[in-house]
J.: 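Okay, handing you the structure first.
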Protein chains: 2
Amino acid sequence: MSDPLREPTFLILTALVDEPMHGYGLIAEVDRLSEGRVALRPGTLYGALDRLTDDGLVARDREEVVDGRLRRYYRLTPGGEGALRAETERMRRHVETATLRLQGRTA
Amino acid sequence: MSDPLREPTFLILTALVDEPMHGYGLIAEVDRLSEGRVALRPGTLYGALDRLTDDGLVARDREEVVDGRLRRYYRLTPGGEGALRAETERMRRHVETATLRLQGRTA
DNA sequence: AGCAATATATCGGACGCGAAGATATGCTCG
DNA sequence: CGAGCATATCTTCGCGTCCGATATATTGCT
């Protein structure tokens, strides 16, 4: 398999599951998804979107101009959804493993 | 809070929950914990142990010589256990969030 | 008029990981 | 008995992702 996704990348993909979003909108959505814990920075965001586009996990969607400002939308590709599912499952296993170990805490 | 732990680091801490282990032993234990999915490399392992020691998440334990070879043991510190618990909880939230989104998949 | 918010983008540095290799010892099997 | 493999630690170098900072442009709000 591939490398684990880092936290910002994981949350970007998660945010795009429901519907296409534009970059700046993702900042607010990731903030919401993470309950204020993850504040996406521009450098991280746009770098990640370029990379994910190159890797085929997201794709450029429509463009809109609202209030004279360009919004560039991105959507999750099937490959991106698959990657997110795989990553979620990987994390789920690790959480399970660690939780079990931390419960049986006697040594 | 602090930065997320990367996968190898997370598994090293998890492996040390039960009892102190030496570096080379951790390679086998992480392999087992991850069901063969994560093969810890020497560069990653010893780099991580030095870093985690500096950060106070693990500490040097006893040293043994077995068959003429030195074994340098490390143990999880209270701070290390706390960091592992926090990280596990963080991942658990992300897994939950992503799982919910992926389930309600209609768009 | 001026400042915050919206929206995109780029650049440099930090940091963890992986690949590769160096070094040393002892066990095993042909 | 000798060669190779497993055990055990450690270092160096490059890469990828993220962050901090900065740049630029437009509109809304006070």
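All figures in this text were calculated on a predicted structure; none of them were measured in a lab. Order of the sequence lines fixes the chain letters, A, B, ..., with proteins taken first and strands second; residue numbering starts at 1 for each chain.
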J.: Give a yes/no on whether any side-chain N or O of Arg51(A) is located under 4.0 angstrom from OP1 or OP2 of dT17(D).
T.: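 Checking dT17(D) against Arg51(A), a side-chain N or O does come within under 4.0 Å of OP1 or OP2.
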J.: Are Arg93(B) and Glu96(B) ion-paired here, with the side-chain N under 4.0 Å from a carboxylate O?
T.: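 Glu96(B) and Arg93(B): not salt-bridged.
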J.: Would you mind classifying the nucleic acid contact of Arg41(A) as base, sugar-phosphate or nothing, using non-hydrogen atoms under 4.0 angstrom?
T.: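 Arg41(A): backbone/sugar contact only, no base atoms under 4.0 Å.
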J.: Within less than 4.0 Å of OP1 or OP2 of dT9(D), is there a side-chain N or O belonging to Tyr46(B)?
T.: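 Checking Tyr46(B) against dT9(D): at least one side-chain N or O falls below 4.0 Å of OP1 or OP2.
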J.: Decide, yes or no, whether a salt bridge links Glu89(A) with Arg37(B) under the criterion of side-chain N to carboxylate O below 4.0 Å.
T.: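 A salt bridge is absent here (no side-chain N lies under 4.0 Å from a carboxylate O).
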J.: If you look at every strand shown and take non-hydrogen atoms under 4.0 Å, does Gly23(A) touch a base, only sugar-phosphate, or nothing?
T.: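 Sugar-phosphate contact only - Gly23(A) comes under 4.0 Å of backbone atoms but never of a base.
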J.: Side chains of Arg72(B) and Leu49(B): does their closest heavy-atom pair fall under 4.5 Å?
T.: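 The answer is no, as the side chains (C-beta and beyond) never meet within the 4.5 Å cut-off.
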J.: Could you go step by step and tell me if Leu26(A) and Leu16(A) meet the side-chain contact (heavy atoms from CB on, under 4.5 Å) rule?
T.: CA-CA 8 Å; Leu26(A) 280 168; Leu16(A) 290 175; 3.9 Å; yes
J.: Using OP1 and OP2 only, check whether a side-chain N or O of Arg72(A) sits under 4.0 Å from dT8(C).
T.: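 Looking at the OP1 and OP2 atoms of dT8(C), neither is under 4.0 Å from any side-chain N or O of Arg72(A).
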J.: Does Tyr24(B) have a side-chain nitrogen or oxygen under 4.0 Å from the phosphate oxygens OP1 or OP2 of dT7(D)?
T.: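 Yes, Tyr24(B) has a side-chain N/O under 4.0 Å of OP1/OP2 on dT7(D).
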J.: Check this one for me: any side-chain N or O of Arg6(B) less than 4.0 Å away from OP1 or OP2 of dG18(C)?
T.: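 Answer is no, no contact under 4.0 Å.
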J.: Expressed as a whole number of angstroms, how long is the span from Arg71(B):CZ to dT7(D):P?
T.: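 About 10 Å, once rounded to whole Å.
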J.: Which part of the nucleic acid, if any, lies within reach of Gly68(B) when heavy atoms closer than 4.0 Å are counted: base, sugar-phosphate only, or nothing?
T.: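 It contacts sugar-phosphate atoms only.
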J.: Below 4.0 angstrom from OP1 or OP2 of dT17(D), is there any side-chain N or O of Thr9(A)?
T.: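 No, no such contact exists.
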J.: Starting at CG of Asp3(B) and ending at C1' of dG16(D), how long is that distance when rounded to a whole Å?
T.: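 So the two atoms are 15 Å apart, to the nearest Å.
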J.: Closer to the 5' end of DNA chain C via nearest nucleotide, is it Asp55(B) or Pro42(B)?
T.: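 Result: Asp55(B).
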J.: Nearest-nucleotide wise, let me know which of Val66(A) and Gly25(B) is further upstream toward the 5' end of DNA chain D.
T.: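 First, find each residue's nearest nucleotide; the 5'-ward one identifies Gly25(B).
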J.: Nearest heavy atom decides the nucleotide; on that basis, is Thr44(A) or Gly47(B) closer to the 5' end of DNA chain D?
T.: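 In this pair, the answer is Gly47(B).
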J.: Taking the side chain as every heavy atom from C-beta outward, state whether Arg92(B) and Thr99(A) have any pair of such atoms under 4.5 Å apart.
T.: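 When only atoms from C-beta onward are counted, Thr99(A) and Arg92(B) do not touch, as no gap falls below 4.5 Å.
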